[in-house]
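Basis for what follows: all heavy atoms, side chains included, without hydrogens, waters or symmetry-related copies. Predicted model, so just to flag it, every value in this text is computed and none were measured. Below, chain A is the first sequence line, B the second, and so on; all start at residue 1.
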Number of protein chains: 2
Amino acid sequence: MDSRTLCLGLLAQGAASGYELKKLLEGPLRHFVDASFGSIYPALARLAAEGLVACTEQAQDRRPDKKVYQLTPQGRLALLDALINLPGRDRFRSDFAALMLFADLLPVRHLSELIDEKLAEQEAALAELAALREGGASLPQEFVAGLAAAMIGAARDYLDENRHMIESHALQNVVTPSAT
Amino acid sequence: MDSRTLCLGLLAQGAASGYELKKLLEGPLRHFVDASFGSIYPALARLAAEGLVACTEQAQDRRPDKKVYQLTPQGRLALLDALINLPGRDRFRSDFAALMLFADLLPVRHLSELIDEKLAEQEAALAELAALREGGASLPQEFVAGLAAAMIGAARDYLDENRHMIESHALQNVVTPSAT
DNA sequence: TTTAGAATATATCGTATCGATATAATCGGT
DNA sequence: ACCGATTATATCGATACGATATATTCTAAA
């Protein structure tokens with residue numbers, strides 16, 4: 001999903017500034033969608049130029065000016081259109097998994113540390129997702145959070161139960177052959 | 001993981017041409033890593049210029065020329081270095097999940113179709129991964145395939161059991177309000 | 001049999017995106 | 001008093017994706 005559609009979709013749930021959109025994307029949603037400032041601001045500017053969002057500049061008291069964007073009727077139509085013509089396959093990019101593929105090049109100690117870190121990261125993400133579901137989220141958000149939790153939980157369990165596989169494999173080459 | 005490191009890592013398991021690397025990435029590995037021709041060829045060219053891989057041009061009989069790349073000792077060191085200084089967090093980008101977030105904008109019929117398609121896609125991926133594990137793969141590949149299977153399987157089960165949640169939610173707005 | 005399409009093989013180009021950085025004011029803590 | 005975090009917008013370089021171009025050969029259907 002391109003940043004344009006993403007911005008439109010988020011604005012469909014309420015007006016917001018670019019900064020606020022970015023903050024939204026740093027929450028539990030980040031497991032499935034994201035966009036950087038470098039994508040959001042140009043996207044909003046272009047959407048505004050095309051009349052798909054309306055921009056209201058709000059001079060704040062003791063804060064920098066805030067540009068609040070809200071969806072126009074044309075914007076809502078464009079969003080609907082984009083959502084329907086959106087096949088876009090899922091893409092999971094994992095440096096961790098890539099490292100596991102190259103496990104026989106790494107010292108076991110390092111490998112074990114990586115797995116420990118990954119497990120801790122997963123526990124933290126699961127806790128955050130559980131909190132989201134307790135403290136009222138919208139139903140679609142809850143649904144998506146549940147999906148994330150299911151996948152992360154499965155990955156954690158798998159790692160926990162099968163790490164010995166890869167760790168004993170890496171054990172074969174104990175020390176990386178020294179340079180030159 | 002950048003294309004450079006990825007190419008080095010793949011070449012560490014054996015010499016190959018750019019085209020062959022791309023084919024590798026279209027297999028079951030694609031669930032975790034990928035790179036396009038537009039990344040692979042420039043990466044290989046730069047690695048060759050830096051002396052991290054050696055290129056041997058092989059004029060083939062009834063095929064276009066093939067440029068076979070293989071890791072040099074310096075390349076192996078560079079790879080090891082890159083792998084160790086590689087934290088890089090995992091990033092899962094899912095248009096499907098994003099669409100679920102915006103479920104209340106979509107007609108239920110469309111939503112149900114999307115879920116059906118996703119389930120079919122997951123079944124296919126699981127079958128492919130199972131086949132990989134039967135027909136001998138290396139241990140790291142088997143490990144990573146298992147991780148992929150665990151996550152995809154969990155997502156499939158969650159979708160199967162919870163789709164009614166999101167489907168009955170979308171039901172509220174039966175028809176998208178007509179244009180203009 | 002012809003002919004369309006898939007496969008083998010390399011390469012480039014426009015657009016999109018990330019991550020870092022710049023700027024600027026104010027708030028919170030030590 | 002001062003440092004760092006927070007709120008807020010914006011740009012820039014490096015990188016990556018996806019589509020496309022080129023050329024040949026193999027395969028399968030019309």
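Rounded to whole angstrom, the span from the CZ atom of Arg91(A) across to the C1' atom of dC18(C) amounts to 12 Å. Between the P atom of dA9(C) and the OH atom of Tyr69(B) lies a distance of 13 Å, rounded to the nearest Å. Taking atom NZ on Lys66(A) and atom C1' on dA25(C), their separation rounds to 15 Å, with Å as the unit. Between Phe37(B) atom CZ and dC17(D) atom P there is a gap of 13 Å when expressed in whole angstrom units. If you take CD1 of Ile40(B) and C1' of dA9(C), they are 12 Å apart, rounded to a whole angstrom. Taking atom NZ on Lys22(B) and atom P on dA19(D), their separation rounds to 11 Å, with Å as the unit. Distance Glu26(B) CD to dT8(C) C1': 12 Å, rounded to the nearest Å. For Arg93(B) and dC17(D), the CZ to C1' distance is 15 Å, given to the nearest whole Å.
Nucleotides of DNA chain C nearest to Glu20(B) and Arg4(A) differ in position, and the one nearer the 5' end is that of Glu20(B).
For the side-chain hydrogen bond (donor to acceptor under 3.5 Å, both in side chains) with Glu167(B), the qualifying choice from His164(B), Arg163(B), His169(B) is Arg163(B), the only one to do so. Paired with Asp90(A) under the rule side-chain hydrogen bond (donor to acceptor under 3.5 Å, both in side chains), one option of His31(B), Arg93(B), Lys118(B), Gln122(B) passes, and it is Lys118(B).
Taking side-chain N and O atoms only, Ser3(A) has a distance below 4.0 Å to OP1 or OP2 of dT17(C). Residue Ser17(B) places at least one side-chain N or O under 4.0 Å from the OP1 or OP2 atom of dT10(C). Taking only side-chain nitrogens and oxygens, Ser36(B) never comes nearer than 4.0 Å to OP1 or OP2 of dA16(D). The shortest distance between the side-chain N/O atoms of Arg46(B) and the OP1/OP2 oxygens of dT15(D) is below 4.0 Å. Of the side-chain N and O atoms in Tyr41(B), none sit less than 4.0 angstrom from OP1 or OP2 of dA11(C).
The pair Lys66(A)-Glu20(A) meets the salt-bridge criterion, with a side-chain N (NZ, NE, NH1 or NH2) lying under 4.0 Å from an Asp/Glu carboxylate O.
Among the nucleotides dT11(D), dA16(D), dT8(C), the one closest to the side chain of Tyr19(B) is dT8(C).
At a threshold of 4.0 angstrom between heavy atoms, the contacts of Ala45(B) with the nucleic acid are absent. No engagement by Lys23(A) is indicated, since no non-hydrogen atom pair under 4.0 Å with the nucleic acid exists. Counting non-hydrogen atoms under 4.0 angstrom, Gly38(A) reaches a base of the nucleic acid.
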Problem set entry | side chain to side chain donor-acceptor pair (under 3.5 Å) between Thr56(A) and Gln70(A), intermediate numbers included | CA-CA 8 Å; Thr56(A) 324; Gln70(A) 69 178 50; 5.3 Å; no
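Ring planes of Phe143(B) and Tyr158(A): tilted class, angle from 30 to 60°.
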